[in-house]
Each structure stands twice: as C-alpha cells, then as structure tokens.
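Here the structure is a predicted model, which is why all the values come from computation and not from measurement. Every heavy atom of this structure was used, including side-chain atoms; hydrogens, water molecules and symmetry mates were not. Residue numbers run from 1 in the order of the sequence given.
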Amino acid sequence: MSYDKQPGGYGPPGGYGPPGGGYGPPGGGYGGPPPGGYDPYGYGYGAPPPRPNNGMAIAALVLGIAGLFLCGVTSLVGVVLGHVSLSQIKKTGEEGRGMAIAGLVLSYFGIACWVVVLLLWLGVLGLGLFGAATYSGF
C-alpha cells in the first residue's frame, strides 16, 4: 500500500504567497509608521525636558561640606550661595532646592561648630594667661 498515490488526497499547499505573510514590507515584519505624520503610539509631544539643577545650590552644598573641615571659612560663602540659590530657584523653577537647603544647614552648622571651638580655645587660652598672671605672685 502506497500513501503518495491515494485518491482524495490534499496535495501540496498553494496560493499562500511569499514567505513573511505579505501584509507588510517584503521580508516580513510590521513595517514603519503610516505616512502623514500620524503617531501610532499616542498623542501629545512627549515628556517635557528635565529641568536643570541650579549651579549655586550645588556650590552651596559643596562649600557647606567643605566648611566642616576647613575651619568654617567656606561655610560663610556657602550661606550666601545657599540663600541666593533659593531665591533663583523660586524665580526660575530650576531643580536643586533640596541641595540649597542642605548646603545652608551644613554651612550654618559648620559656622556654629567653629565658633564653639574658637570660644573654647579662647577660654582655655584666657585661663592659661589669667592663671599664669595670678600664680606668678604679682
């Protein structure tokens, strides 16, 4: 019994066209967007561009951190830049408000710490000089 010569067989498939489906460009795939500028993925203009960070806010933060280690000298500039950057951020809508506030907090903390250190140092120096003058027999 032979299977290739049976009556009522279906035979080879035909009439389907080239491989790839024939619905898009040759070679298959879905093709590009339709002509005419239509956006198939949605409407609108997309996401707005990101707002830039305020440079003075970054500088205030850096100077506030540095002021903790450099005797508070940079903290004075950090306070000024922090306040200026906050006013600029309010006017322009830039990013960086958190950095400006952190720079202000660190700058004020640095100034306060170094004032305490200075007062303690002057107190110890004053006690040393006062104590030396008192015990010298004058």
query: Looking at residues at least two apart in the chain, or sitting in another chain, which of them share a salt bridge (Lys or Arg N to Asp or Glu O under 4.0 Å) with R97?
result: none
field: Nearest-0.5 Å distance, CG of residue L70 to CD1 of residue I65
entry: 11.5 Å
- request: Sort and list the pairs that fulfil side-chain hydrogen bond (donor to acceptor under 3.5 Å, both in side chains) and have at least one residue in residues 98-118, not counting sequence neighbours.
  value: H83-Y108
query: Would you say V124 and V117 are hydrophobically clustered, going by side-chain heavy atoms of ILVMFWY under 4.5 Å?
result: no
query: Cluster question for you: counting only ILVMFWY and a side-chain heavy-atom cut-off of under 4.5 Å, with indirect links fine, are I111 and V80 together?
result: no
Listed partners of Q88 passing side chain to side chain donor-acceptor pair (under 3.5 Å), at least two apart: N54
- prompt: When clusters are formed by joining ILVMFWY residues with side-chain heavy atoms under 4.5 Å apart, either directly or through shared neighbours, do V115 and V105 land in the same one?
  reply: yes
- request: Kindly give the heavy-atom pair with the smallest separation between N53 and G96, and that separation in Å.
  value: OD1-N, 4.0 Å
task: Kindly compute the distance separating CG (L104) from CG (L81), expressed to the nearest 0.5 Å.
output: 9.5 Å
- line: Rounded to the nearest 0.5 angstrom, the CD1-CG distance for I101 and L86 is 5.5 Å
message: Would a single hydrophobic cluster contain both F69 and F109, if residues Ile, Leu, Val, Met, Phe, Trp and Tyr are joined by side-chain heavy-atom contacts under 4.5 Å?
response: yes
- prompt: Any idea which heavy atoms bring A100 and G82 closest together, and the distance?
  reply: CB-O, 4.1 Å
query: Looking at S85 and A57, what are the two nearest heavy atoms and their distance?
result: CB-N, 3.5 Å
query: Should L68 and L61 be counted in the same cluster of Ile, Leu, Val, Met, Phe, Trp and Tyr side chains packed under 4.5 Å apart?
result: yes
